[in-house]
Asks: 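Sending over a structure as structure tokens; questions will come in a sec.
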There are 2 protein chains.
Amino acid sequence: MNLLSEIQDIPRYVQIRERLREQISKHVLKPGQKLPSENELAKHYHVSRMTVRRAIACLVDEGLLYRQHGTGTFVAQLRIERDYTRLLSSYEQILRMGLEPGMQILSLEVRPATSKVAQYLALQEGDSVIRFERLRLADGQPVSILCSYVPQKLCPQLLREDLASCQSLFQLLESYGFRLKRAVQKTEIRWADQVQARLLEVKEQAPLIYAERVTFADDGTPVDYVEGWSRADVFSFTVVLSR
Amino acid sequence: MNLLSEIQDIPRYVQIRERLREQISKHVLKPGQKLPSENELAKHYHVSRMTVRRAIACLVDEGLLYRQHGTGTFVAQLRIERDYTRLLSSYEQILRMGLEPGMQILSLEVRPATSKVAQYLALQEGDSVIRFERLRLADGQPVSILCSYVPQKLCPQLLREDLASCQSLFQLLESYGFRLKRAVQKTEIRWADQVQARLLEVKEQAPLIYAERVTFADDGTPVDYVEGWSRADVFSFTVVLSR
DNA sequence: GACGCATACATGTATAGACATCTCTATTAT
DNA sequence: ATAATAGAGATGTCTATACATGTATGCGTC
């Protein structure tokens, strides 16, 4: 009889969800195995069936479990996935690759928004945006040129912050209380111009991975537009797609 | 007073969800606007509050709505196209670009799985897999070389099907009853070898977008492993990321 | 006018139960 | 032996209710 902790103020469905997740990750529940029925789980945890269903529903959404109507709930076969569609800052990306992130600021200024930037950030053309351009390093080697645009009205004092000591624009934005939720990113191949080639230490016309991304807070407000040019020999890009 | 259709056997929460979705897409509910409270919606549709919450929860997951505890539920600012993380076949991708898909079969055979393929498809090395290699065309121009591997035991009669007339492997697999659910795709840059350069009509050593993808059915069984080499001047790649 | 507090109302969590629908199995009838 | 049927047990939908918790508002006090 597993008792849920009554002391801490964590919802029961969250506690059950995390217990199930742990059992799956530790192979107590093996891939393909049938879970106890919802009624059995409800009895076991001393909660109602609806609470169990809620816990299970989360894990089904994540792809850890699947249901078969009339038959039962089962552990899915593979789980390497989840983290792949996680929205990461370039800082976090490099950390994940096991390298030491570094940064070199190229420029930092307030500018009127061009029409393209205004459109992405839902501003009027000419509204002030903070333009922050830097070279991202991994283990001391240049890997990406990044250029971010943030509406100035969202964080008027951003310039005064020490952007050099703060390793990630995301950290800064989140510390301002923006709950970054999702982003749309478009990736394609472009060829290095002279300046980019020099900064990234590649040949002119070498292929680069070009990505542009708009990041949205949870209320759908665009917070950030980033363009990035990255060395094609360093980056790969893994995502999870759903049909 | 909107009545839900009692005749059709569609769950009420689905009906309410789709009505709300329609009102959002038609701007009856405008971005930023507050929805009626859950209790009001429940009265309006003559259902319980839990049923309304379920409908709303779906749309929150999709990013169309967001909630503020104690305040209300609101329409999000932008409708980021959900379609960006949709798992599409190459056929569907080209259709979406507004081009006419074509295909030229390069080879079709049953082979023992290499260790790499076996690992991706959760097979034993040497198990039979169907290897299907083709050139994908868009408006008659070659754009991708694709090479799919499917465990033979999943569809023993695949070879007899007329793969030439069926424009998409996905269609075929779904017609066999596989509920394709999600895929993990890794994308990077590689350089064209002699054969690839000739087929894709680019120079040798030209950069190509290399993608490998494992597709899973809803029970987590891997159904399909694809490698693709695509012309970098044709493809871009848009995804939605969440934090 | 500024502050604090009570209140109304919003969403968040949880319950116990009812009935529907789907699947599989065991029993019964042919 | 085979086919039809009944039943058990699983998930799917839905209700009505209770209480917890967060937020804005308006009122009274200072």
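In what follows, every chain begins at residue 1, and chains take the letters A, B, ... in the order their sequences are listed.
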Asks: Please find the earliest and latest nucleotides of DNA chain D, in the 5' to 3' direction, that have an atom within less than 4.0 Å of any heavy atom of chain B.
Replies: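 So the contact region on DNA chain D extends D:dT13 to D:dT23.
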Asks: What's the separation between atom CG in B:Leu35 and atom CG in B:Leu20, rounded to the nearest 0.5 Å?
Replies: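 The CG atom of B:Leu35 sits 6.0 Å away from the CG atom of B:Leu20.
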Asks: Let me spell it out: for each of A:Thr51 and B:Glu40, pick the nucleotide of DNA chain C with the closest heavy atom. Which residue's pick is nearer the 5' end?
Replies: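 The residue closer to the strand's 5' end, by nearest nucleotide, is B:Glu40.
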Asks: Under the rule for ring pair (Phe, Tyr, Trp, His ring centres under 6.0 Å), what residues qualify as partners of A:Tyr91, not counting sequence neighbours?
Replies: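 Ring pair (Phe, Tyr, Trp, His ring centres under 6.0 Å) list for A:Tyr91, sorted by chain: empty.
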Asks: Does this structure show an ion pair linking B:Lys186 with B:Glu227, if we count only N-O contacts that are shorter than 4.0 Å?
Replies: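 Judged by the 4.0 Å cut-off on N to carboxylate O distance, B:Lys186 and B:Glu227 do not form a salt bridge.
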Asks: Taking NZ from A:Lys43 and P from C:dA16, how many angstroms apart are they, rounded to a whole number?
Replies: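 So the NZ-P distance, A:Lys43 to C:dA16, works out to 12 Å.
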Asks: Do you see a donor-acceptor pair shorter than 3.5 Å between the side chains of B:Arg213 and B:Thr187?
Replies: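 Side chains of B:Arg213 and B:Thr187: no pair found under 3.5 Å.
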Asks: Is A:Ser48 close enough to C:dT15 that one of its side-chain N or O atoms is under 4.0 Å from OP1 or OP2 there?
Replies: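 It does, given that an N or O in the side chain of A:Ser48 lies less than 4.0 Å from OP1 or OP2 of C:dT15.
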Asks: If we ignore angles and hydrogens, is there a donor and acceptor under 3.5 Å between the side chains of B:Glu212 and B:Tyr120?
Replies: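 B:Tyr120 and B:Glu212 do have a side-chain donor-acceptor pair below 3.5 Å.
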Asks: Is a salt bridge present between B:Glu40 and B:Lys43, judged by a nitrogen-to-oxygen distance below 4.0 Å?
Replies: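 Salt bridge: no.
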Asks: Take atom NE2 of A:His46 and atom C1' of C:dA16, then tell me their distance rounded to the nearest Å.
Replies: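 Taking NE2 of A:His46 and C1' of C:dA16, I get 15 Å after rounding.
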Asks: Going by atom types alone, do A:Glu133 and A:Ser107 pair a side-chain donor with an acceptor below 3.5 Å?
Replies: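 The criterion, which ignores hydrogens and geometry beyond distance, is satisfied for A:Ser107 and A:Glu133.
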Asks: Tell me: CG of A:Asn39 to P of C:dT15, nearest whole Å?
Replies: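 To the nearest whole Å, that distance equals 13 Å.
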Asks: Can you measure A:Arg17 atom CZ to C:dA14 atom P for me and round it to whole angstrom units?
Replies: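 One finds 11 Å between P of C:dA14 and CZ of A:Arg17, rounded.
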Asks: Over how many whole Å does the gap from A:Arg67 atom CZ to C:dT23 atom C1' extend?
Replies: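 That distance rounds to 16 Å.
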Asks: Could you tell me whether the side chains of B:Arg136 and B:Ser90 share a donor-acceptor contact shorter than 3.5 Å?
Replies: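 Yes, a side-chain donor-acceptor pair sits under 3.5 Å.
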Asks: Write out a two-atom table: protein N or O, nucleotide N or O from nucleotides 17-21 of chain C, distance below 3.5 Å.
Replies:
from: C:dT21; atom 1: O2; to: A:His69; atom 2: NE2; distance (Å): 2.9

Asks: Think A:Tyr13 has a side-chain N or O under 4.0 angstrom from the OP1 or OP2 of C:dA14?
Replies: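 It does not, given that no N or O in the side chain of A:Tyr13 lies less than 4.0 Å from OP1 or OP2 of C:dA14.
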Asks: Answer yes when B:Arg17 and B:Glu22 have at least one side-chain N-carboxylate O distance shorter than 4.0 Å, and no when they do not.
Replies: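 Between B:Glu22 and B:Arg17 there is no salt bridge, as every charged N stays at least 4.0 Å from the carboxylate O atoms.
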